Amino acid sequence: MKLTSSYEPDKFESDIYSAWESSGAFSPTDSSRTRERAGGLSKSDESVTRDEYSIVMPPPNANGNLHIGHGLTIAIEDSLTRYYRLKGNNTWYIPGADHAGFETWVVYERALEAVGHTRFEYSRDELYAKVWDFVQEQRGNMELQVRALGASCAWNDLTFTLDENVVARVYKTFEKMWNDGMIYRGEKLVNYCPKHQTAFADIEVEHLDEPGHLWDIKYEVAGAEPNCAFRDNKEPQPAVENTLTPFSEHELASARKKQAVKVSFDDGDEAPVEKSVIGSSPSYIVVSTTRPETLFGDQAVAVNPNDERYKDLIGKFVKLPLTDRTIPIIADEHADPTYGTGAVKITPAHDFDDFEVGKRHNLENLRVIGDDGKMLETAGKEYAGLTTEECRQKVLNRLEEQGLLLGSHEISHSVAHCYKCGTVIEPTLKEQWFIDVEKLAKIAIDHLKKGEIKFYPENKKQVLINYLKGLKDWNISRQIPWGIPIPMFKKTEAVSGTGKEHFDDTPDWIFDTRTNLETIEVGGVKYQRDEDTFDTWFSSSHWPIVTTDWTEQHGSPFYPLNVMETGADILFAWVARMIMMGLYVTGEVPFKEVYLHGLVLDSHGKKMSKSKGNVINPMDLVAKYGSDAFRLGILRGRSAGLAQAFSEDSVVASRNLCNKLWNIARLIDSWADAESNESISTDNMGEDWICRELDNLRKHLEKYMKSYRFAEAVEDLYSTIWDKYADWFLESQKGIKNLPLLKKTLENLLIMAHPFMPFVTETIWQALSWTDGMIITQKWPASLVYDPISAENFERLMLTVSEARKVLAGLGDTVKGISVGLLYGDDALVADNSELVRQLTRTDFVKPTDGTPKGIRLALPGREVYLDVSEKVVKHYKDQLTERILKVGRELDALNARMLNPNYVQKAPANLVAETKKGITEKEELIKRLKLELEVIN
RNA sequence: GGGUCGCUAGCUCAGUUGGCUAGAGCGCUUCCUUUACACGGAAGAAGUCAGGGGUUCGAAUCCCUUGCGACCCACCA
């Protein structure tokens, strides 16, 4: 086959991929989807080493495009997969596609709005069907892009996150949790995005530090009885036993000092009031708040039980400004005496902390902000319908008119935002389904502590444990139609003809998987479907279970996965949940190892973002430089867990490597015209040397793959292919051509490179005249036989050659156009390889001296080689020589200094000391010789 | 407030039980159209390993500390 002088990836990649895919090489030899399984592995027997190697692809959005992170994920996962496939494992790389609940919903809703419609015009079932169609229309790009990256995944086993088996498994788990009492419906404050009108889990909220204001508002003490503060006539319960010592004068003084800073009035006309805001007097109390608009929902004012300033006010009532309500002053640890005035208004329905305080003191949850983010009637007629922003301004104006606004401090505080649209999250009171995570987290922590999962990077394990320790109950309800419906139905009415008593006895909610029906009838009672869908992380936490076809009866030979490879950014959202759910459902951890890759940054180490315009599209690079170049380029200089820069340069360098390999193959193939069936043997030291180097590469790659050090693997591969195989071995073969060995070493090199550069290695494999089959299914190389002493000798020869080249290059113009050769004296190494030395040094001749040395002697211990140049040229060499002597002298001094230290000689390892001694001897000899040469010139 | 990570050549990064003269790619300089490759070959310049202290015969590596940067968690009203 005639090959072009440079590798053109776009000519081969798609054909190669099709050939792989249709050959069945991507599927495990015994696909779990099609066979009867005899049973899983014994769970207790740790010594069982299985042949299966399983890895799942974190499912990319089914209707999206791949971004740079996916590119990295696939480069890593596919390299692992191909490596273990070559090693002979029964390998299963399982692809997936994500319905991406909220992400897709946002895109769809935007499209809907663009044509003048809103979600509120349709029923959930209608919307679900519409989004389904929308996704189907958009689908396909992602899968083509995964193919373009060369992922050797089993496409027949692709799992979509809304596939029947996924839904069935999720419902099964939900039912088990429901029966185990781990699921409850609770009215709680949830993170709520008023724009998208759905709740979020804590981790889906983005906290940003922002400037804001802290306003001091005067609440006047009222003598009257409460009219709304407590419900059910229950006595308020003390928050915490007041056993703490009161704050010291010093603490209070520092607290007051803080308040005194930056006090100014909003209108700016008056000079800033440089005095401390008075926290209280017998007739009023000043509260500090960042959200005056929630005032209408206030149920109390809290002060710290140990705060001397307010001791006398606890139990009294204040008049709530702008309303006719009165609320109590309560004592609660939540109030921080050092912040603001130390008195805080309590709005249980609109603040997470206040909600907790409210629970402790039996306060009412009065909502004043609606689901749409606008004020409700409960805030008063004047304010109803206003946005929170508008309302805030109006409230501030009113308060100021009434002289109740005492101060405004500029502060920086953390504000929660919707991670998708940036809207400020409104803590909202909602009835939602929650998972009691206590047990789940505890089991996960136990298994993690036992070291059942190995983390790369290691430190993430403790980070995860810390997260699990503080985990709060998990809200799994989402108010969007695109997702797996929650299989819960609410009791509505008794069907006519059945007894009413029976109706009362039935539970309010029942579990049922008939979520395609809006209403169902069970035991004479009608139930209405809950309209919410699951948090996508709830279903995706089952990913290792569903993709490996794990069952209660048989387990799966592919579960647990060998490795979970994903982004460090979803350690909590996904990895943590997979571990909890895997253990809960199967009793086993879902994977044995976790490799977390870091964020891919732009070439200057900045985060990629559309607004900055620095987004790198992996497909652009694939098109420009080829898939292999992209994969090598993104693995280069990257280590686990770290956010690191990525630039086109590394892809260019990798493209060059592909081309180098291509040309290596071209050269050998051009030599291999004639059939040769001779057996493989090493006949000279260059051959022994390359066998040793290839064997080292093999060992290194094995070590690197085991420890997920991809960058080092790529680095080693690069230098072996280029610096060793091409620059030295092939150059040394130009006059020899040991074909059987050339072929064998090339095959080994191609196979070892295949996991990282699959396309070019396969293309070459197909093009070579003597190879059969496909490289993807070849066997990982065995060790090669070589003579280590001979290999070591080649290193000496290389040094000699390098030295000769260096001196020649240093001579520069003085030898231009002049025929230069090498002369050797008593030097067996050079004598026995004179032709090779001549070739490698590109000199005109290499021959023995006629007995009298002349020219420039190469500065090498144990060598006697001269560059045969005229005396005139030798004189030009003087400066170089002098510099050389100084340099070696400095090196010698350093070594001598080491030996002069008695502690070094005494305490350092013997071999090290011996090496130092040897170094000194060599350098002394070298200097002696160089000086001699210098004398000769003079 | 708590935590994690990083700071090594102009740029991006290696450097894993502390030990030869601290490496690579890109970039830069000089030379070479040598019959696989200019996406090439040969040679070269370039580093107070963030600062300070400590442990050690020996520290980029271990400990302490300061600074700078990135990120995560958290209920600062």
Side-chain angles (χ1 to χ4, degrees), chain A residues 3 5-7 202-203 207 214 287-291 302 334-336 338-347 351-357 411-414 457 459-460 462-463 466-467 470 568-569 571-572 598-599 601 603-605 607 625 629 633 636-639 641-650 652-671 707 709 711-712 715 718-719 726-727 730-731 734 802 805-810 812-813 816 841-842 887 890-891 894-895 898 901-909 911-913 915-916 918-919:
Chain A
L3 302 178
S5 67
S6 61
Y7 173 57
D202 293 340
I203 42 168
H207 291 269
L214 188 62
V287 301
S288 302
T289 181
T290 54
R291 302 203 61 192
H334 164 64
D336 175 1
T338 66
Y339 192 89
T341 60
V344 56
K345 64 196 225 27
I346 301 298
T347 322
D351 182 280
F352 290 103
D353 295 329
D354 295 2
F355 183 74
E356 295 301 318
V357 175
I411 57 159
S412 167
H413 62 155
S414 159
N459 69 299
K460 295 289 181 189
Q462 196 52 46
V463 172
N466 291 344
Y467 169 76
D569 55 329
L571 175 64
F572 299 153
L599 205 60
L601 308 172
S603 61
H604 301 292
K607 214 167 171 169
Y625 302 107
R636 197 168 253 263
R638 201 162 294 280
S639 35
L642 297 181
Q644 286 164 311
F646 173 60
S647 79
E648 202 163 320
D649 281 348
S650 63
V652 171
S654 304
R655 184 272 316 262
N656 296 351
L657 179 67
C658 293
N659 191 55
K660 192 74 187 177
L661 191 58
W662 175 258
N663 276 290
I664 287 170
R666 244 175 20 113
L667 179 65
I668 295 176
D669 198 53
S670 74
W671 290 344
S707 50
R709 283 148 64 182
E712 278 151 283
E715 198 71 40
Y718 189 102
S719 67
D727 289 350
L730 281 190
E731 289 303 322
K734 280 181 174 171
S802 293
R805 287 170 175 170
K806 187 171 161 180
V807 174
L808 266 171
D813 287 346
K816 199 164 186 177
T841 52
R842 294 188 190 285
K887 195 182 161 217
R890 284 195 296 272
E891 287 164 12
L895 291 182
R898 200 177 293 173
N901 183 344
N903 284 322
Y904 174 71
V905 183
Q906 210 178 321
K907 293 184 182 174
N911 64 319
L912 215 65
V913 177
E915 246 176 75
T916 309
K918 192 180 154 208

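Values below: every heavy atom of this structure, side chains too, minus hydrogens, waters and symmetry copies. Predicted model only: the values in this text are computed from it and were never measured. Residue numbers start from 1 in every chain, and the chains themselves are labelled A, B, ... in the order their sequence lines are given, proteins ahead of strands.
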| message | Could you tell me how far apart Asn903(A) (CG) and rC57(B) (C1') are, to the nearest whole angstrom? | response | 5 Å
| Backbone N or O of Ala645(A) within a donor-acceptor pair of the Arg638(A) side chain at under 3.5 Å? | yes
| said: Using whole Å, what does the distance between atom C1' of nucleotide rC37(B) and atom CG of Leu657(A) come to? | reply: 12 Å
| message | Tell me every residue that passes side-chain contact (heavy atoms from CB on, under 4.5 Å) with Leu571(A), counting only those two or more places apart in sequence or in another chain. | response | Phe455(A), Lys460(A), Val463(A), Leu464(A), Val575(A), Leu596(A)
| message | Going by salt bridge (charged side-chain N to carboxylate O under 4.0 Å, His left out), name the residues that satisfy it together with Glu715(A), two or more places apart in sequence or in a different chain. | response | none
| message | Using a heavy-atom cut-off of 4.0 Å across all strands, would you classify Lys734(A) as base, sugar-phosphate, or nothing? | response | base
| How long is the line joining CH2 of Trp671(A) and P of rA36(B), in whole Å? | 8 Å
| said: Could you work out, with side chain to side chain donor-acceptor pair (under 3.5 Å) as the rule, every residue matching Lys806(A), not counting sequence neighbours? | reply: none
| field | Nearest-neighbour nucleotide for the Asp336(A) side chain, rA36(B), rC39(B), rA77(B) considered | value | rA77(B)
| So what does Arg655(A) touch, heavy atoms closer than 4.0 Å: a base, only the sugar-phosphate, or nothing? | base
| If you look at every strand shown and take non-hydrogen atoms under 4.0 Å, does Asp649(A) touch a base, only sugar-phosphate, or nothing? | sugar-phosphate
| request: Tell which nucleotide pairs with rC7(B), taking only Watson-Crick or G-U wobble pairs whose two distances are both under 3.5 angstrom. | output: rG67(B)
| query | With a 3.5 Å cut-off and just heavy-atom distances, do the side chain of Glu731(A) and the base of rA42(B) make a donor-acceptor pair? | reply | no
| message | Between rG51(B) and rA59(B), how far apart are the two P atoms, rounded to whole Å? | response | 15 Å
| query | Using the C1' atom in both, what is the distance from rC64(B) to rU56(B), to the nearest Å? | reply | 16 Å
| message | Among rA74(B), rA43(B), rC71(B), which nucleotide has an atom closest to any side-chain atom of Ser414(A)? | response | rA74(B)
| Is any side-chain heavy atom of Val652(A) closer than 4.5 Å to a side-chain heavy atom of Asn656(A)? | yes
| NA contact type, Thr290(A), heavy-atom cut-off 4.0 Å: base, sugar-phosphate, or nothing? | sugar-phosphate
| Between rC76(B), rC71(B), rC26(B), which nucleotide gets closest to the side-chain atoms of Tyr718(A)? | rC26(B)
| When all nucleic acid strands are considered with a 4.0 Å heavy-atom cut-off, which category describes Ala726(A): base, sugar-phosphate, or nothing? | base
| query | Under 4.0 angstrom, heavy atoms only, what part of the nucleic acid is Asp727(A) near: base, sugar-phosphate, or nothing? | reply | sugar-phosphate
| Closest to side chain of Asp353(A), choosing from rG25(B), rC75(B), rA43(B) | rC75(B)
| request: List in chain and number order the residues that pass side-chain contact (heavy atoms from CB on, under 4.5 Å) with Asn903(A), two or more places apart in sequence or in another chain; answer none if no residue qualifies. | output: Asn901(A), Gln906(A), Lys907(A)
| message | Suppose we screen for side-chain contact (heavy atoms from CB on, under 4.5 Å). Which residues come up paired with Glu915(A), at least two apart in sequence or across chains? | response | none
| query | rC13(B) pairs with which nucleotide, Watson-Crick or G-U wobble, both distances below 3.5 Å? | reply | rG23(B)
| message | Please name the nucleotide paired to rU55(B) by Watson-Crick or G-U wobble geometry with both distances under 3.5 Å, or report none. | response | none
| Ile346(A) side chain near His334(A) side chain, heavy-atom distance below 4.5 Å | yes
| query | Distance check: side-chain N/O of His207(A) vs OP1/OP2 of rC73(B), anything under 4.0 Å? | reply | no
| query | So, is Asn656(A) close to the rG40(B) phosphate, meaning a side-chain N or O under 4.0 Å from OP1 or OP2? | reply | yes
| Looking at Tyr467(A), does any N or O in its side chain come under 4.0 Å of the phosphate oxygens OP1/OP2 on rC73(B)? | no
| d(CG, Leu667(A); P, rA36(B)) in whole Å | 6 Å
| task | Mark up nucleotides 29-35 of chain B, 5' to 3', with B wherever a protein heavy atom is under 4.0 angstrom from a base atom, S wherever such an atom reaches only the sugar-phosphate, and - elsewhere. | result | ---S-B-
| task | Among rA43(B), rG25(B), rA77(B), find the nucleotide with the atom closest to the side chain of Lys806(A). | result | rA43(B)
| message | Generate the contact string for nucleotides 12-23 of chain B. Rules: B means base contact, S means sugar-phosphate contact only, - means no protein heavy atom under 4.0 Å. | response | SSSSB--BBB--
| remark: Whole-Å distance, Leu808(A) CG to rG44(B) C1', equals 15 Å
| said: Looking only at the side chain of His334(A) (C-beta and beyond, no hydrogens), which of the listed nucleotides rA77(B), rC5(B), rC72(B) gets closest? | reply: rA77(B)
| said: Restricting to ring-ring contact (aromatic ring centres under 6.0 Å, His included), what partner residues turn up for Tyr718(A), sequence neighbours left out? | reply: Trp722(A)
| field | Residue Arg805(A), side-chain atoms from C-beta onward, closest of rA77(B), rA42(B), rC37(B) | value | rA42(B)
| said: Taking side-chain contact (heavy atoms from CB on, under 4.5 Å) as the definition, give me every residue that meets it alongside Arg805(A), ordered by chain and number, with sequence neighbours left out. | reply: Trp728(A), Val801(A), Leu840(A)
